Amino acid sequence: MTDQGPTGCVVIGGGPAGMVLGLLLARAGVRVTVLEKHGDFLRDFRGDTVHPSTLTLLDELGLGEEFAKVPQRRVDRLRVQLEDRILPVGDLRHLPGDHQHIALVPQWDFLDLLAAAGRREPGFELRMNTEVTGLIRENGKVAGVRYRDRETGTSGELRAGLTVACDGRNSITRAAAGLRTREFGAPIDVWWFRLPRHAQDPSGGIGRFTTGHAAVLIDRGEYFQTAYLIRKGSDAQVRAEGVQAFRDRITGLIPWLADRVDAIESLDEVKLLDVRLNRLRRWHTDGLLCIGDAAHAMSPVGGVGINLAVQDAVATARLLATPLRRGRVRPADLARVQRRRWLPTALLQGLQRFVHKRLLSRALSGQIRTGAGVPKPIALLQRFPVLQRIPAYVVGIGPRPEHAPAFARRPTTRV
């Protein structure tokens with residue numbers, strides 16, 4: 001089955017990058033179809049952080065008031081726990097703009113909001129349960145996609161002037177196009193799970209690093225969304241130790257969680273994130289562009305992946321709206337997107353690689369010893385608290401933040 005008439009742009013993947021791009025292009029007057037292989041957005045342990053630069057974007061799109069009504073937790077300081085001390089390392093309260101916090105919101109609520117806004121635009125279409133199975137090529141150019149409807153089992157083709165891959169770190173689109181990544185490696189994988197949170201517990205985000213162990217607690221109100229870091233490739237080995245051994249690991253790392261680790265009834269509740277850090281050498285081929293994790297898989301360090309992907313989408317919409325309206329997107333137009341977004345991507349990945357090498361790898365290999373005192377960078381942040389604004393800016397806003405183009409802006413009422 002071939003869809004009637006080509007679309008201006010087909011976006012593969014209904015994550016943050018794909019939904020933002022679809023909305024912005026529709027507001028530019030481009031006919032855009034977003035294909036999402038799942039039937040809904042309900043998946044645990046997706047990135048749930050909405051950073052200040054993305055909050056500003058929502059204001060510019062006229063969605064700030066709607067977003068403010070979504071139940072959320074707000075984090076305005078970043079902390080680490082060393083032995084029995086909890087120390088601040090990032091202070092978002094001095095960031096420029098109207099938002100001095102990170103909003104913790106289930107990703108499905110964020111995506112539902114974007115989908116609802118998109119459906120209000122005449123050129124926007126979102127197809128759920130639609131899995132891309134391959135690319136259509138004509139005269140050496142990508143001319144659309146082949147897909148399968150996961151509900152009916154029927155297959156079809158959708159032709160488009162531009163195909164944008166927003167299908168994540170395991171992008172089948174990128175693989176089908178033969179685009180190659182530069183792999184930087186990662187010393188860690190992450191186990192995600194939930195633990196109950198009590199009213200007297202520390203609020204916000206807390207990192208804990210000690211000999212052979214590391215974890216991050218994200219305050220979600222009634223529970224902590226918890227990331228326990230393990231050595232790369234050790235998932236099977238750690239699982240073989242059993243659930244009680246894992247509870248003991250958590251208690252040994254963060255003793256004040258001892259009264260609730262029994263909430264982990266089975267290791268089936270613990271989900272593995274295979275951490276990757278890579279970047280495409282070339283983000284595009286004629287008729288196809290990769291953005292977000294499809295172009296550059298990010299480590300969970302700093303939680304900046306969603307923010308970076310959203311900014312990719314904004315830059316893509318601004319730079320390609322006019323060529324799409326004209327009906328001809330040249331390879332040179334796609335190269336402009338990569339040039340625009342390469343530097344902030346490389347800078348953030350460089351910082352993540354530094355943290356991997358200087359902190360996480362050393363912690364998990366036992367090179368960070370208990371009782372050795374406060375690491376020098378953290379000690380410097382305590383001595384000169386004004387420096388805590390630097391990591392806050394890098395995490396909350398990042399290098400080269402993108403703003404909504406004029407064609408996509410709508411008035412909003414702040415609440």
Side-chain angles (χ1 to χ4, degrees), residues 7 9-22 25 32-38 41 43 45-47 107 111 126-137 141-148 150 157-158 160 162-186 189-190 272-300 304-317 320 329 331 334-335 337-338 340-342 344-346 348-349 352:
T7 191
C9 179
V10 59
V11 177
I12 305 171
M19 297 302 296
V20 169
L21 179 60
L25 288 180
V32 57
T33 303
V34 180
L35 306 180
E36 166 55 44
K37 70 177 181 179
H38 296 99
F41 298 124
R43 276 165 296 288
F45 305 124
R46 290 286 188 91
Q107 191 176 112
L111 296 177
L126 171 61
R127 299 189 191 180
M128 307 298 288
N129 282 310
T130 305
E131 182 176 12
V132 171
T133 58
L135 298 173
I136 301 171
R137 295 180 181 271
K141 176 183 177 180
V142 174
V145 299
R146 297 183 179 87
Y147 65 85
R148 180 177 67 88
R150 300 178 72 185
E157 295 183 349
L158 178 61
L162 174 66
T163 299
V164 182
C166 303
D167 50 345
R169 62 183 57 208
N170 298 311
S171 171
I172 65 165
T173 316
R174 178 183 67 201
L179 297 174
R180 297 181 178 275
T181 59
R182 179 185 178 187
E183 299 289 336
F184 299 110
D189 286 327
V190 175
L272 172 69
L273 171 64
D274 177 13
V275 175
R276 299 180 188 176
L277 189 62
N278 61 38
R279 185 169 68 242
L280 282 176
R281 299 178 186 276
R282 184 162 53 90
W283 298 14
H284 58 91
T285 188
D286 197 2
L288 171 71
L289 173 68
C290 297
I291 63 172
D293 274 3
H296 45 73
M298 306 296 291
S299 162
V304 297
I306 292 177
N307 197 45
L308 192 63
V310 166
Q311 293 186 44
D312 283 358
V314 177
T316 300
L320 300 185
V329 180
L334 304 180
V337 176
Q338 179 174 348
R340 172 76 185 179
R341 298 304 307 161
W342 183 89
T345 300
L348 289 173
Q349 288 187 326
Q352 291 185 331

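Keep in mind that this is a model prediction, so the values were computed, not measured.
Side-chain contact between V132 and L158: absent, with no pair of heavy atoms (C-beta onward) separated by less than 4.5 Å. Using a 4.5 Å cut-off on side-chain heavy atoms (C-beta onward), T316 and R341 make no contact. In this structure, the side chains of L280 and R174 come closer than 4.5 Å at one or more pairs of heavy atoms. Side-chain contact between T173 and V164 is absent, with no heavy-atom pair separated by less than 4.5 Å. No side-chain heavy atom of V10 sits less than 4.5 Å from a side-chain heavy atom of Y147. Two residues are said to be in side-chain contact when any heavy atoms from C-beta on lie closer than 4.5 Å; L111 and E36 fail this criterion. No side-chain heavy atom of F184 sits less than 4.5 Å from a side-chain heavy atom of Q352. Between M128 and R150, the closest side-chain pair of non-hydrogen atoms is not below 4.5 Å.
One finds the CD atom of Q338 at 11.5 Å from the CZ atom of R281 (value rounded to the nearest 0.5 Å). The CG atom of L179 sits 8.5 Å away from atom OG of S171, with the distance rounded to the nearest 0.5 Å. In this structure, CG on N307 lies 10.0 Å from CG on D312, to the nearest 0.5 angstrom. A distance of 8.0 Å separates CG in L288 from CG in L334, rounded to the nearest 0.5 Å. Separating the NE2 atom in H296 from the CD atom in Q349 is a distance of 7.5 Å, to the nearest 0.5 Å. Residue T345 holds its OG1 atom at 11.5 Å from CZ of R340, rounded to the nearest 0.5 Å.
Checked against side-chain hydrogen bond (donor to acceptor under 3.5 Å, both in side chains), T163 has no partners two or more places apart in sequence or in another chain.
Residues A176 and R137 share a closest heavy-atom pair of O-NH2, 3.3 Å. Counting all heavy atoms, side chain and backbone alike, V32 lies closest to G22 at CG1-O, 3.3 Å. Minimum heavy-atom separation, M298 to L277: CA-CD1, 4.0 Å. Among all heavy-atom pairs drawn from V34 and G14, the shortest one is CG1-CA, 4.1 Å. Residues C166 and I291 come closest through the heavy atom pair SG-CG1, 3.6 Å. Scanning all heavy atoms of the two residues, the minimum distance from V190 to P300 falls at CG2-CG, 4.0 Å.
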side-chain contact (heavy atoms from CB on, under 4.5 Å) between H284 and L162, worked out: CA-CA 11 Å; H284 58 91; L162 174 66; over 6 Å; no
CA sep, side-chain torsions, deciding dist, call: R169, D274, side-chain contact (heavy atoms from CB on, under 4.5 Å): CA-CA 10 Å; R169 62 183 57 208; D274 177 13; over 6 Å; no
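The closest donor-acceptor contact from the side chain of N278 to the backbone of R182 lies at 3.5 Å or more, if one exists at all. Remark: the backbone N or O of G13 is not paired with any side-chain donor or acceptor of D167 at under 3.5 angstrom.
Considering R146, R148, K37 in turn, R148 is the only one that fulfils the salt bridge (Lys or Arg N to Asp or Glu O under 4.0 Å) rule with E131. Screening I136, L35, T133, T33 against V145 for a side-chain contact (heavy atoms from CB on, under 4.5 Å) leaves a single residue, L35.
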